[in-house]
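Reading through the structure tokens given below for one structure.
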Amino acid sequence: MTAATEQTSAEEYEALRASVEEFARKEVAPVIGDLYIREEFPYDIVAKMGAMGLFGLPVSENYGGMGGDYYALCLALEELARVDSSVAITVEAGVGLGTMPIYRFGTEEQKVRWLPDLAAGRALGAFGLTEPGGGSDAGATRTTARLENGEWVINGSKCFITNSGTDITSVVTVTAVTGEKPGGGKEISAILVPAGTPGFTVSEKYSKVGWNCSDTRELFFDDVRVPESNLLGERGRGYAQFLSILDEGRVAIAALSVGLAQGCVDESLRYAHEREAFGNTIGSYQAIQFKIADMEVRAHTARLAWQHAARLLVAGEPFKHEAAIAKLVASNAAMDNARDATQIFGGYGFMNEYPVGRFYRDAKILEIGEGTSEVQKMLIARRLGL
């Protein structure tokens with residue numbers, strides 16, 4: 001890559017970042033608070049993000065995407081999460097869990113069928129992995145799929161599945177036990193299940209602590225029949241495929257976490273200049289200055305971590321270790337900054353009308369989803385030979 005090309009890429013990245021920043025400030029910020037309190041899915045915002053091409057950022061133009069890369073997606077996620085994480089996770093899950101498995105592992109027929117609408121944001125996809133008795137132990141899959149007369153017959157359930165029950169959800173990729181490995185153990189495969197397939201039902205929306213504008217449901221499969229050709233990737237490789245998707249997703253969640261952390265800095269700075277106590281703005285007191293300085297350090301450091309992991313990913317180099325570090329550091333930064341921002345706002349930080357209250361509610365899940373903090377530490381320790 002020449003210096004000129006690198007400069008052009010940098011300019012393109014910055015143009016994308018700036019456009020998403022402006023969109024989040026002008027289109028998301030004015031309306032998201034009311035939607036959040038009412039726990040409404042932001043269909044209008046999703047449509048606008050689709051028109052901007054955000055759902056197709058890392059997808060080839062051949063399938064209706066923008067022809068960008070995962071670094072570009074992460075830039076967009078950070079800027080969205082500076083204003084609201086529900087909107088950001090809708091994009092992250094829509095792309096990372098809904099679109100990318102098909103893009104990475106699908107047949108040409110599957111790509112042509114599903115990707116154009118997913119990349120345009122006209123439809124959303126979901127990934128059904130987690131089960132009620134599984135959690136972090138994704139290998140404990142109990143959902144089953146058997147071949148019968150050229151069809152997969154699926155039975156089981158999934159929980160905590162994002163984007164799975166919206167009016168525009170078109171397909172869910174489901175991991176299921178499809179047999180037994182030659183050496184013993186479960187053979188887990190991934191299968192595409194179109195929305196509306198008989199026997200496939202979704203629960204009512206969960207009542208969640210945070211991410212209240214994000215769609216999260218439990219899924220049930222009762223003799224759900226789909227064609228044998230709906231197998232995604234190789235039979236028996238569903239779990240391995242998911243792990244590779246999860247590594248990419250950790251970089252994206254790290255970027256989203258940094259956005260929330262930086263949003264806490266933004267709001268705290270504004271408040272520190274406006275709020276007066278004992279005759280001065282609170283920003284004039286060292287206790288507040290130091291707290292905000294610590295918040296900025298966390299956000300900055302975590303940003304470097306996700307950017308490093310994303311560059312490795314885009315370059316096709318190993319990044320699993322760096323993704324785990326980025327996800328751990330960034331989710332910690334988000335949680336710590338949300339706590340400190342709420343403290344700076346005092347009683348107002350406990351009110352839903354202020355963004356930091358929303359940030360506080362949204363931060364905790366970042367230490368759980370896409371692999372808990374404990375799982376990240378386990379992966380890091382393994383890489384160190386422990």
Side-chain angles (χ1 to χ4, degrees), residues 93 96-111 113-114 125-162 164 171-195 197-203 217-250 318 320 323-324 369-372 374-376 378-379 381-383:
L97 299 178
T99 299
M100 296 311 288
I102 300 173
Y103 187 55
R104 299 284 193 218
F105 308 113
T107 64
E108 185 64 19
E109 180 182 358
Q110 290 168 345
K111 292 177 182 179
R113 177 181 178 184
W114 299 109
F127 198 104
L129 173 82
T130 305
E131 298 190 358
S136 295
D137 185 8
T141 300
R142 294 183 179 180
T143 297
T144 62
R146 70 180 189 278
L147 271 178
E148 185 177 285
N149 299 322
E151 293 181 316
W152 292 107
V153 183
I154 306 170
N155 285 279
S157 64
K158 303 290 181 176
C159 63
F160 311 138
I161 310 304
T162 305
S164 57
V171 63
V172 178
T173 302
V174 178
T175 53
V177 178
T178 52
E180 192 171 296
K181 293 180 180 179
K186 297 177 180 178
E187 174 193 83
I188 299 176
S189 305
I191 301 169
L192 296 167
V193 180
T197 301
F200 171 34
T201 58
V202 297
S203 71
R217 316 254 183 164
E218 191 170 6
L219 312 181
F220 302 95
F221 305 89
D222 184 11
D223 284 340
V224 173
R225 293 177 176 269
V226 298
E228 183 177 357
S229 60
N230 279 29
L231 177 71
L232 182 64
E234 298 179 38
R235 177 169 177 169
R237 293 284 297 168
Y239 186 52
Q241 291 168 188
F242 167 75
L243 290 179
S244 68
I245 291 294
L246 188 61
D247 287 336
E248 295 181 358
R250 284 170 179 155
K320 186 184 186 77
E370 300 270 359
T372 64
E374 291 75 16
V375 167
Q376 308 315 312
M378 179 183 70
L379 294 172
R382 283 181 182 173
R383 172 64 182 275

4.5 Å side-chain heavy-atom contact, [X] and [Y]:
{"X": "R383", "Y": "K320", "value": "no"}
{"X": "N230", "Y": "P194", "value": "yes"}
{"X": "V375", "Y": "R250", "value": "yes"}

From CA spacing to verdict: side chain to side chain contact (heavy atoms under 4.5 Å, CB included), K158, T141: CA-CA 9 Å; K158 303 290 181 176; T141 300; 3.9 Å; yes
Which atom of [X] lies closest to which atom of [Y], heavy atoms considered:
{"X": "I191", "Y": "A145", "value": "CD1-CB, 3.5 Å"}
{"X": "G371", "Y": "Q376", "value": "O-NE2, 3.0 Å"}
{"X": "G106", "Y": "L232", "value": "CA-CD1, 3.5 Å"}
{"X": "E180", "Y": "E187", "value": "N-CB, 3.9 Å"}
{"X": "G128", "Y": "I161", "value": "CA-CD1, 3.8 Å"}
{"X": "T143", "Y": "G156", "value": "OG1-CA, 3.7 Å"}

Sole residue of N155, I154, T201 in side chain to side chain contact (heavy atoms under 4.5 Å, CB included) with D222: N155
Just verifying a value: how many Å separate [X] [atom1] and [Y] [atom2], rounded to the nearest 0.5 Å?
{"X": "L231", "Y": "Q110", "atom1": "CG", "atom2": "CD", "value": "7.5 Å"}
{"X": "Y239", "Y": "L246", "atom1": "OH", "atom2": "CG", "value": "9.0 Å"}
{"X": "K111", "Y": "F105", "atom1": "NZ", "atom2": "CZ", "value": "10.0 Å"}

Parallel, tilted or perpendicular: rings of F127 and F242 (30°, 60°): tilted
Check against side-chain hydrogen bond (donor to acceptor under 3.5 Å, both in side chains), S157 and E218: CA-CA 7 Å; S157 64; E218 191 170 6; 4.6 Å; no
E234 CD: over 12 foreign heavy atoms closer than 6.0 Å: no
More than 12 heavy atoms of other groups within 6.0 Å of R235 CZ: yes
Steps toward side chain to side chain contact (heavy atoms under 4.5 Å, CB included) verdict (L97, E370): CA-CA 10 Å; L97 299 178; E370 300 270 359; 3.9 Å; yes
